[in-house]
2 protein chains.
Amino acid sequence: MPRAGLDPAAVTAAAAGLADEVGLANVTMGLVAERLGVRTPSLYKHVASQADLNRRIAALALVEVGDKLRDAMQGRAGRDALAAAAHTLRSYVVEHPGRYSATLPLNPQGPDDPIAIGGARVLESLAAVLAGYDIDPADTVHAMRLLRSLFHGFATIEAAGGFEMDTDVDKSFEWLIDFIDRGLKN
Amino acid sequence: MPRAGLDPAAVTAAAAGLADEVGLANVTMGLVAERLGVRTPSLYKHVASQADLNRRIAALALVEVGDKLRDAMQGRAGRDALAAAAHTLRSYVVEHPGRYSATLPLNPQGPDDPIAIGGARVLESLAAVLAGYDIDPADTVHAMRLLRSLFHGFATIEAAGGFEMDTDVDKSFEWLIDFIDRGLKN
DNA sequence: AGCTAAAAGCTAATAGAGTTAGCCAACGAT
DNA sequence: ATCGTTGGCTAACTCTATTAGCTTTTAGCT
């Protein structure tokens, strides 16, 4: 019998896909193995543990979202950049709720942890958004935290089905972008 | 041997305490039982399952935070009310990260689900904050979502240790309250 | 006080998930 | 073609949730 030809990336990708489909909490090692056409213990040749797998999913999500953010913001500034970043982030979380939720327990184990690297890239994009506004350098870190908290919170609540009357969530999101844009212009 | 005298509330309280100490994910039925001086299966006389227990923890957290919000906002309006609500929420999440994290998978099973009731009370307090500002009624729901997303996001990220340079997180939080206050005043 | 039925704990047992150990076959480099 | 490495498999173990069935406390009633 030929081999399955797996590697850590393939296992991570399968797990991430499952996470989006059934929720991160329901991603079992057995389910991942089944998806890959392999027996459960075989996974341990590629990932150290389920915790390790979750960390890899988180890193994958951060890299993906970082890439999308960078792409979406090419050549944009000010309100345009803000809107692009916001929509990109929101779309990603809605499309990939499982992988995104893996990023919540942020425990980078060091500066070269893929999670830290991916996270830093996301933060770079947020910093790029702020660069389009005239902000007191002393307030930049505060503004970064504002964006991060707001987008993360909104996306998380939406992904969890936390908003009633789903109909005008889009409108709320636009309103919210506008609110931030006006505020950042002082 | 006399009985332990448990009831659903006692089990929930023990589990919530453990959640704050060791993290919700590490709250095992065995651990809860041990804390209560009882054997694991005995817990099932009071709660239906671990999922049920988690829902009870979530409901408890929402009621607690709802009460604290109500108290903190007595007689305050405008910026004062906003700051009181923000600080109350943040303190609660920092002090009770475990129980709070149980509220994330919001799936109220109906209008009389304790989770829905507790959540509604929290939302009431947020609405009271907004009542202190002059907001177009059509925008109220958007503003509610703004507050909810922002506070939830900030608290979640902070509880997860997601902010570097922890020193000035307090300052960021104040800045953020100010930002929202100014924005809500149009 | 004694009786009885419900409730609360306990022990024993089952099922499912993560993980480890050790075996064997496939694959790449020589 | 062969040899060492690597990837996959089976078997086995642990830990956790959950159920079944038994026993005893306990509250309410007479």
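Quick note on labels: first sequence line is chain A, next is B, and so on, each numbered from 1. These numbers come from a predicted model, not from an experiment. When reading the values below, keep in mind they use all heavy atoms of this one structure, side chains included, and skip hydrogens, waters and symmetry mates.
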Just to confirm, is there a sub-4.0 Å distance from OP1 or OP2 of C:dG9 to any side-chain nitrogen or oxygen of B:His46?
-> yes

For residues 9-29 of chain B, tabulate all N or O donor-acceptor pairs below 3.5 Å that involve a side-chain atom, not counting sequence neighbours.
unit_1  : atom_1 : unit_2  : atom_2 : d
B:Thr12 : OG1    : B:Pro8  : O      : 2.7
B:Asp20 : OD1    : B:Gly98 : N      : 2.9
B:Asp20 : OD1    : B:Arg99 : N      : 3.0
B:Asp20 : OD2    : B:His96 : ND1    : 2.8
B:Asp20 : OD2    : B:Arg99 : NH1    : 2.4
B:Glu21 : OE1    : B:Arg35 : NH2    : 3.0
B:Glu21 : OE2    : B:Arg35 : NH1    : 3.4
B:Asn26 : ND2    : B:Val22 : O      : 2.7

So which pairs with a foot in residues 109-120 of chain B pass salt bridge (Lys or Arg N to Asp or Glu O under 4.0 Å), sequence neighbours left out?
-> B:Arg55-B:Asp113

Protein-nucleotide distance (B:Tyr44, atom OH; C:dA7, atom C1'), rounded to Å | 19 Å

Who passes ring pair (Phe, Tyr, Trp, His ring centres under 6.0 Å) against A:Phe179, sequence neighbours left out?
-> A:Trp175

Joining Ile, Leu, Val, Met, Phe, Trp and Tyr whenever any side-chain heavy atoms lie under 4.5 Å apart, the cluster holding A:Ile117 also takes in none

Contact letters for nucleotides 10-15 of chain C, in which S counts primed atoms plus P, OP1 and OP2 and B counts the base, heavy atoms under 4.0 Å = BBB---

Quick one: list whatever passes side-chain hydrogen bond (donor to acceptor under 3.5 Å, both in side chains) with A:Glu158, sequence neighbours left out.
-> A:Arg90

Residues 66-79 of chain B, side-chain donor-acceptor partners within the protein, below 3.5 Å, at least two apart:
unit_1  : atom_1 : unit_2   : atom_2 : d
B:Asp67 : OD1    : B:Arg121 : NH2    : 2.2
B:Arg76 : NE     : B:Ala72  : O      : 3.0
B:Arg79 : NH1    : B:Asp178 : OD1    : 2.2

Using a heavy-atom cut-off of 4.0 Å to chain A, what are the terminal contacting nucleotides of DNA chain D, in 5' to 3' order?
-> D:dT6 to D:dA11

Residues two or more places apart in sequence or in another chain: which of them pass side chain to side chain contact (heavy atoms under 4.5 Å, CB included) with A:Asp52?
-> A:Val47, A:Ala48, A:Ser49, A:Arg56

Qualifying residues under salt bridge (Lys or Arg N to Asp or Glu O under 4.0 Å), relative to A:Asp139, sequence neighbours excluded | none

Measure from NZ or CZ of A:Arg145 to the centre of the six-membered ring of B:Phe163, then state whether that distance is under 6.0 Å and the direction lies within 45° of the axis.
-> yes

Test salt bridge (Lys or Arg N to Asp or Glu O under 4.0 Å) applied to A:Lys185 - qualifying residues, sequence neighbours left out | A:Asp181

Separation of C:dG16 C1' from A:Gln50 CD (nearest whole Å) | 13 Å

Contact list for DNA chain C against residues 19-30 of chain B - heavy-atom distance below 4.0 Å | none

